[in-house]
Amino acid sequence: MKITSVKGFADIFPGEVEIWQSVEAEARRIFSAYNFSEIRIPIVEKTELFSRSIGETTDIVEKEMYTFEDRDARAGTKIRPPSGSLEFSGQAASTVQTTRLTLRPEGTAGVVRAYVESEMYKIEPVRKLYYIGPMFRRERPQKGRMRQFHQIGAEALGRGDPLIDAETLLLLSDFFTAVGLTELSLQINSLGDAACRPGYRETLLAFLRQRTDSLCANCRRRMERNPLRVLDCKEPGCIEATKNAPSILDSLCEPCREHFATVQRLLGDTRVPFTLNPRMVRGLDYYCRTTFEWTTARLGSQSAVAAGGRYDGLVQELGGPSIPGVGFAMGIERLTMLLRMQERSAANGPSLFVVWVGDRARDWAFPIVHRLRQKGISVEMEGETRSLKSQMRRADKLKAVSVLIVGDNELTSGKALLRDMATKQQEEIAMDRIEAELLARKTI
Ligand code: HAM
């Protein structure tokens with residue numbers, strides 16, 4: 001019986017993996033320039049970490065988390081299974097104590113948990129951390145939306161100033177430029193803080209109560225607990241009903257207004273274009289003040305390539321002192337999809353494919369291929385005797401950038417043929433200078 005992969009969980013094959021590697025390498029380079037260090041956190045955390053931080057009334061916590069019961073009571077909080085619960089079937093409710101664990105749906109909660117648990121802040125509260133890895137959300141799979149997806153994320157903890165908000169946006173802007181991603185637009189908003197958000201919440205709630213009948217069942221259900229979620233609903237009826245909803249930007253207190261004005265000024269000074277979107281509340285509840293999304297028009301409804309914002313209350317919510325934070329995450333699947341669409345990063349095969357005809361040519365080529373590989377150049381050659389045509393077909397199939405052709409004639413004349421596979425142009429190069437020649441060429 002053939003066993004297939006799970007829906008929404010994908011393999012990433014050679015050809016594709018190289019694009020991922022170059023995106024990750026570019027991210028690491030830029031993170032290092034901005035003085036971010038890598039942190040590696042577990043894929044599994046206690047469920048309450050996510051419900052407490054992301055928010056009970058978010059889609060992620062309500063319906064998208066991969067949660068399971070772990071029998072090892074020592075692993076975490078002990079809870080008693082409710083009687084009759086299917087999730088606990090097969091376990092004696094009165095004796096087995098279980099822990100609810102969840103595959104991480106995002107990275108911020110885990111990073112903050114690690115920061116608090118290790119008491120990193122005692123030595124130095126300001127920490128700039130980044131992570132790269134898989135996340136899991138049980139969403140309906142579609143183009144650009146997977147159940148296992150990958151994020152490159154960053155969190156700057158310990159700084160409440162607006163400069164760091166602008167810095168994270170500049171980092172992203174630099175990253176997009178470095179990988180050659182154009183046509184992204186930046187939207188920003190401010191969600192206020194504990195001083196001004198409650199006032200906005202009431203204003204919005206009063207507005208929504210007058211339109212309850214036009215809202216979807218989901219929004220009606222969670223509106224009283226979390227009215228801001230309604231602004232994030234994708235149902236056409238809800239979008240229409242909230243078209244003229246009061247803007248949160250009109251409710252900001254003076255410190256929040258000033259903070260947001262400075263972020264905007266800094267983006268202007270550094271020439272990062274943006275638009276204001278007062279409806280952007282994000283799908284996670286921990287945000288305050290600055291929030292942002294970088295979107296593309298090329299991925300249909302899954303338009304967000306990177307998103308994030310400030311979360312000044314989260315460290316305290318997770319048991320630490322009052323320490324602010326700001327960060328973002330970008331989806332690697334969406335990034336690589338866009339890159340492929342732009343054909344900026346076509347999945348090139350080897351830089352060079354050496355086509356040899358005859359044993360003498362093979363024996364000449366083998367050590368040269370080895371030396372070029374030692375210099376970090378990606379080179380391939382056949383091991384068995386094949387016709388010139390068949391080797392050229394193989395080079396084509398592998399998407400080799402160029403081909404070096406060596407046979408008896410070339411060995412005699414001391415000149416080999418180098419063919420550019422894209423332009424189809426050929427030129428002769430001296431065989432005794434072949435390594436130096438190839439190393440000097442940009443395409444190799
Ligand atoms: P998020 O908006 O939920 O934020 O996700 C960030 C990015 O992850 C999205 O913009 C998208 O590119 C990618 N993404 C999310 N879900 C999927 C999916 N199902 N399939 C493919 N890609 C997906 C967060 O996760 C926050 N932790 C970001 C953050 C960090 N805020 C502050 N610090």
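The chain is numbered in sequence order, starting from 1. Remember, it's 1-based here, ligands and their atoms both numbered in the order they're listed.
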Could you list which atoms of ligand 1 come closer than 4.0 Å to a heavy atom of R282?
-> 1 (P), 2 (O), 4 (O)
For E155, the ligand 1 atoms with a heavy-atom partner under 4.0 Å come out as 30 (C), 32 (C), 33 (N)
Go through ligand 1 atom by atom and flag the ones less than 4.0 Å from a non-hydrogen atom of Q151.
-> 5 (O), 6 (C), 7 (C), 8 (O), 24 (C), 25 (O)
Of A329, P105, G327, the residue with the heavy atom nearest atom 32 (C) of ligand 1 is G327
Within the 6.0 Å centroid threshold, strictly below: F31 and Y130 = yes
Partner of P227 under side-chain contact (heavy atoms from CB on, under 4.5 Å), picked from L204, T242, T203, is L204
Would you say the side chain of L163 lies within less than 4.5 Å of the side chain of L266, judging by non-hydrogen atoms?
-> yes
How about R394: does its CZ atom have over 12 heavy atoms from other parts shown lying under 6.0 Å from it?
-> no
Is it true that K46 and D70 make a salt bridge, defined as a side-chain N closer than 4.0 Å to a carboxylate O?
-> no
What protein heavy atom sits nearest atom 23 (C) of ligand 1, and how far away is it?
-> F149 CD1, 3.3 Å
How about R138: does its CZ atom have over 12 heavy atoms from other parts shown lying under 6.0 Å from it?
-> no
Counting heavy atoms only, which of G331, G144, G107 is nearest atom 21 (C) of ligand 1?
-> G144
Result for side-chain contact (heavy atoms from CB on, under 4.5 Å) between N218 and one of M223, E62, R229, E235 points to E62
Could you list the atoms of ligand 1 found under 4.0 angstrom from a heavy atom of E139?
-> 16 (N), 18 (C), 19 (N)
Nitrogen or oxygen of M146 less than 3.5 angstrom from that of ligand 1 | yes
Are the charged groups of E224 and R209 less than 4.0 angstrom apart, N to O?
-> yes
Quick one: which ligand 1 atoms are inside 4.0 Å of a heavy atom on E106?
-> 25 (O), 26 (C), 27 (N)
Element-labelled atoms of ligand 1 that are located less than 4.0 Å from some non-hydrogen atom of L284 | 3 (O), 4 (O)
Output yes when D420 and K424 qualify as a salt bridge under the 4.0 Å nitrogen-oxygen rule, no when they do not.
-> no
Could you tell me which atoms of ligand 1, counted from 1 in the order shown, lie closer than 4.0 angstrom to a heavy atom of V305?
-> 10 (O), 12 (O)
Quick one: does F328 get an N or O within less than 3.5 Å of an N or O on ligand 1?
-> yes
Work out whether the distance between some heavy atom of G153 and some atom of ligand 1 is less than 4.0 Å.
-> no
the protein heavy atom lying closest to atom 9 (C) of ligand 1 turns out to be A304 O, 4.0 Å
For atom 30 (C) of ligand 1, what is the nearest protein heavy atom, given as residue, atom name and distance?
-> T108 OG1, 3.0 Å
Min heavy-atom dist Y286 to ligand 1 below 4.0 Å = yes
Do NZ/NE/NH1/NH2 and the carboxylate oxygens of R137 and E106 come within less than 4.0 Å?
-> no
Answer yes or no for E333: is there a heavy-atom contact with ligand 1 below 4.0 Å?
-> no
Distance filter under 4.0 Å to Y287 heavy atoms, resulting ligand 1 atoms = 26 (C), 28 (C), 29 (C), 31 (N), 32 (C)
Electrostatic pair R373-E380, nearest N-O below 4.0 angstrom = yes
